[in-house]
Amino acid sequence: MIDREQVHKVALLARLELTSEEEEQFTNQLVNILGYIEQLNEVDVSDVLPTTRAIDVNNVTRKDDLQPYAEREAILNGAPEQEGEFFKVPKIMSSND
């Protein structure tokens, strides 16, 4: 599993200053966590479909209805530059692409 020396090494790599009591505490906690994972590895999940969530969740969204904005001129007037009824933006692609 994991021992105190490994916890000490990881703490040094992460630039954590742990007391010896904290190293012992984290070692015990990690041993418990890894032991629990080993128990989970023994469970037969061959008939369980892979999922991304433990519970079923439905995405709550509103219907996307296209509606013209009533104050189109107000939006265009707020643009730094406009050309007719369109926004004018700088060219970002060259003819060499």
Side-chain angles (χ1 to χ4, degrees):
M1 282 270 189
I2 192 166
D3 60 14
R4 190 169 173 175
E5 182 67 30
Q6 290 171 316
V7 170
H8 179 75
K9 182 178 179 180
V10 171
L12 287 176
L13 291 172
R15 291 179 172 59
L16 298 174
E17 294 181 19
L18 299 180
T19 64
S20 59
E21 293 83 19
E22 289 172 324
E23 285 180 4
E24 188 65 35
Q25 177 186 5
F26 290 137
T27 302
N28 291 333
Q29 289 174 349
L30 288 169
V31 166
N32 290 336
I33 291 169
L34 293 174
Y36 182 68
I37 291 172
E38 284 300 317
Q39 286 180 7
L40 292 176
N41 284 335
E42 295 173 8
V43 176
D44 179 21
V45 292
S46 58
D47 292 334
V48 178
L49 295 174
T51 61
T52 56
R53 294 182 176 83
I55 59 172
D56 190 27
V57 177
N58 292 325
N59 196 3
V60 180
T61 58
R62 65 173 171 80
K63 187 176 178 184
D64 192 10
D65 291 325
L66 180 61
Q67 299 177 359
Y69 188 70
E71 299 180 35
R72 182 181 175 122
E73 288 301 317
I75 293 174
L76 286 171
N77 290 337
E81 290 187 58
Q82 66 184 45
E83 190 172 296
E85 58 183 43
F86 301 102
F87 294 111
K88 188 172 182 180
V89 296
K91 185 177 180 179
I92 58 170
M93 296 180 71
S94 68
S95 59
N96 298 346
D97 290 340

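Because the structure is predicted, anything quoted here is derived from the model rather than measured.
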(message) Would you say Leu16 ends up clustered with Leu12 if hydrophobic residues are merged whenever their side chains have heavy atoms under 4.5 Å apart, either directly or through other cluster members?
(response) no
(message) Would you say Leu34 ends up clustered with Phe26 if hydrophobic residues are merged whenever their side chains have heavy atoms under 4.5 Å apart, either directly or through other cluster members?
(response) yes
(request) Using the rule that two of Ile, Leu, Val, Met, Phe, Trp, Tyr join whenever any of their side-chain heavy atoms come within less than 4.5 Å, decide whether Leu13 and Val7 are in one cluster. (result) no
(message) To check you understand the geometry: which heavy-atom pair defines the closest contact between Thr27 and Ile2, and what is its length?
(response) CG2-O, 4.2 Å
(request) Please round to the nearest 0.5 Å and tell me the distance separating atom CD of Glu23 and atom CG of Asp3. (result) 11.0 Å
(request) Search all heavy atoms of Glu17 against all heavy atoms of Glu22 and return the closest pair with its distance. (result) O-OE1, 3.9 Å
(request) Any chance you could pull the hydrophobic cluster mates of Tyr36, using side-chain heavy atoms under 4.5 angstrom and chaining through other members? (result) Leu40
(request) Determine, using the 4.5 Å side-chain heavy-atom cutoff (strictly less than), whether Ile37 and Leu30 are members of one ILVMFWY cluster. (result) yes
(request) Give a yes or no on whether Asp47 atom CG has more than 12 heavy-atom contacts from other residues, nucleotides or ligands under 6.0 Å away. (result) no
(request) Work out which heavy atom in Arg4 is nearest to a heavy atom in Glu21; give both atom names and the distance. (result) NH2-N, 4.4 Å
(request) Enter the distance from Gln29:CD to Glu24:CD here, rounded to the nearest 0.5 Å. (result) 11.0 Å
(message) Can you give me the closest heavy-atom contact between Asn77 and Gln82, atom names plus distance?
(response) N-OE1, 3.8 Å
(message) Taking salt bridge (charged side-chain N to carboxylate O under 4.0 Å, His left out) as the definition, give me every residue that meets it alongside Glu5, ordered by chain and number, with sequence neighbours left out.
(response) none
(message) Test of understanding: clusters of I, L, V, M, F, W, Y form through side-chain heavy atoms closer than 4.5 Å, transitively. Do Tyr69 and Leu76 belong to the same one?
(response) yes
(message) Please check this pair: side chain of Glu42 against backbone of Gln39, looking for a donor-acceptor N/O pair closer than 3.5 Å.
(response) no
(request) Show your reasoning for whether side-chain hydrogen bond (donor to acceptor under 3.5 Å, both in side chains) applies to Asp44 and Ser46. (result) CA-CA 6 Å; Asp44 179 21; Ser46 58; 2.9 Å; yes
